[in-house]
Engineer: 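Provided herewith is a single structure, encoded as structure tokens, for subsequent inquiry.
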Amino acid sequence: MKFVPMHDLLERAAAGGYAVPAFDCWNAEAIQTVLAVARKMEAPVIVMNGPAGFPLIDPCTYSRIARAVAEEHPLPVALHLDHGDSLELALACLEANFSSVMLDFSRKAFDENVAALKELVEQARPRGVTVEGELGAVGRADNVTMEGSRESTLTDPAQAEAFVSRTGIDCLAVSIGNAHGQYASLP
């Protein structure tokens with residue numbers, strides 16, 4: 001089975017007026033469960049893993065496991081690197097046949113974020129792989145978000161337009177007041 005590029009799933013969903021769920025799956029059992037429910041619901045799905053999961057299993061092995069599990073499920077599935085924290089990891093996921101990769105350099109300077117994503121797009125585009133970037137502070141499960149702090153962490157729409165134009169990415173994660181992780185106080 002060949003994984004479907006995430007942007008293909010999202011374009012169909014936008015046209016059809018439905019959402020495509022994405023699930024972090026750290027092992028074969030989680031992938032099997034997600035795909036079994038997706039099959040029951042007759043719904044496309046995005047299976048993803050990220051930097052926290054790869055010390056347990058490398059991207060190439062993870063991709064092979066996900067592909068083996070997905071062979072049993074006749075539905076559109078995207079395999080996505082979520083919140084990739086280095087260009088090297090994103091490129092490793094390209095080599096491992098992920099159909100979608102995210103490079104999250106949102107904490108870095110705008111120009112550094114743009115340059116890294118532009119390089120990733122150049123590598124991913126010929127392979128038909130979706131590339132996602134991030135602007136603002138969407139938040140992560142392992143730390144408290146900054147929403148509500150003195151400085152805005154929301155994505156600036158004008159900056160987002162320039163970012164997408166300069167990088168050529170397919171998807172953009174934006175901060176619109178998201179709350180992630182464990183809260184020190186109510187969001």
Side-chain angles (χ1 to χ4, degrees), residues 1-11 20-28 30-31 34 44-70 76-143 153 155 159-175 178 180-181:
M1 171 198 191
K2 185 174 182 194
F3 291 110
V4 177
M6 185 173 70
H7 72 269
D8 289 358
L9 295 181
L10 299 178
E11 286 176 1
V20 180
F23 297 94
D24 274 314
C25 299
W26 288 20
N27 57 35
I31 297 168
V34 165
V45 69
I46 301 164
V47 170
M48 57 189 188
N49 201 351
F54 290 131
L56 302 172
I57 186 168
D58 64 272
C60 191
T61 303
Y62 182 85
S63 177
R64 286 195 308 265
I65 290 169
R67 182 167 279 102
V69 173
V77 179
L79 183 61
H80 178 66
L81 165 63
D82 191 32
H83 290 282
D85 58 4
S86 71
L87 187 55
E88 294 75 24
L89 177 57
L91 294 174
C93 289
L94 288 180
E95 290 300 317
N97 297 312
F98 278 55
S99 63
S100 177
V101 291
M102 177 187 196
L103 183 58
D104 181 357
F105 272 19
S106 60
R107 293 182 181 191
K108 298 187 183 286
F110 181 84
D111 287 336
E112 185 178 356
N113 195 350
V114 166
L117 276 157
K118 190 171 182 179
E119 183 175 340
L120 181 57
V121 166
E122 288 173 7
Q123 297 292 321
R125 187 73 69 228
R127 302 169 190 235
V129 173
T130 300
V131 177
E132 180 181 13
E134 182 173 323
L135 279 178
V138 174
R140 290 156 185 80
D142 61 345
N143 59 11
T153 58
T155 303
Q159 190 180 48
E161 183 178 19
F163 186 74
V164 171
S165 175
R166 288 177 57 188
T167 61
I169 58 175
D170 303 291
C171 300
L172 178 63
V174 297
S175 177
N178 319 45
H180 283 62

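All residue numbers in this chain count up from 1 along the given sequence. As the structure is a prediction and not an experimental result, all values here were calculated from the model.
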Engineer: Does any N or O in the side chain of S100 come within less than 3.5 Å of the main-chain N or O of P5, such that one atom is a donor and the other an acceptor?
Structural biologist: no
Engineer: When you measure from the side chain of T130 to the backbone of H7, do you find a donor-acceptor pair of N or O atoms at a distance under 3.5 Å?
Structural biologist: yes
Engineer: Within a strict 4.5 Å, meaning less than it, do heavy atoms of the F110 and L135 side chains meet?
Structural biologist: yes
Engineer: Please give me the minimum heavy-atom distance between H83 and M102, naming the atom from each residue.
Structural biologist: N-SD, 3.2 Å
Engineer: What heavy-atom pair brings D170 and V129 nearest, and what distance separates the two atoms?
Structural biologist: OD2-O, 3.9 Å
Engineer: Nearest heavy-atom pair of A66 and L79: which atoms, and what distance?
Structural biologist: CB-CD1, 4.0 Å
Engineer: For A78 and S99, which heavy atoms make the closest approach, and how far apart are they?
Structural biologist: CA-OG, 3.5 Å
Engineer: For residues 84-95, which side-chain N or O atoms pair as donor and acceptor with protein atoms under 3.5 Å away, sequence neighbours left out?
Structural biologist:
residue: S86; atom: OG; partner: L89; partner atom: N; Å: 3.0
residue: E95; atom: OE2; partner: R127; partner atom: NH1; Å: 3.4
residue: E95; atom: OE2; partner: R127; partner atom: NH2; Å: 2.8

Engineer: Search all heavy atoms of V20 against all heavy atoms of L9 and return the closest pair with its distance.
Structural biologist: CG2-O, 3.8 Å
Engineer: List for me each residue that meets ring-ring contact (aromatic ring centres under 6.0 Å, His included) alongside F54, sequence neighbours excluded, and say none if there are none.
Structural biologist: none
Engineer: Taking it one step at a time, do D58 and R64 satisfy salt bridge (Lys or Arg N to Asp or Glu O under 4.0 Å)?
Structural biologist: CA-CA 10 Å; D58 64 272; R64 286 195 308 265; 5.7 Å; no
Engineer: If you look at every heavy atom in V34 and C25, which pair is closest and at what distance?
Structural biologist: CG2-SG, 3.7 Å
Engineer: Please confirm whether F3 and F98 have ring centers closer than 6.0 angstrom.
Structural biologist: no
Engineer: Has T155 got a side-chain atom pairing as donor or acceptor with S175's backbone, closer than 3.5 angstrom?
Structural biologist: yes
Engineer: Do V45 and F23 have side-chain heavy atoms sitting under 4.5 Å apart?
Structural biologist: yes
Engineer: Take R166 and D111, measure what salt bridge (Lys or Arg N to Asp or Glu O under 4.0 Å) needs, and give me the verdict at the end.
Structural biologist: CA-CA 10 Å; R166 288 177 57 188; D111 287 336; 3.3 Å; yes
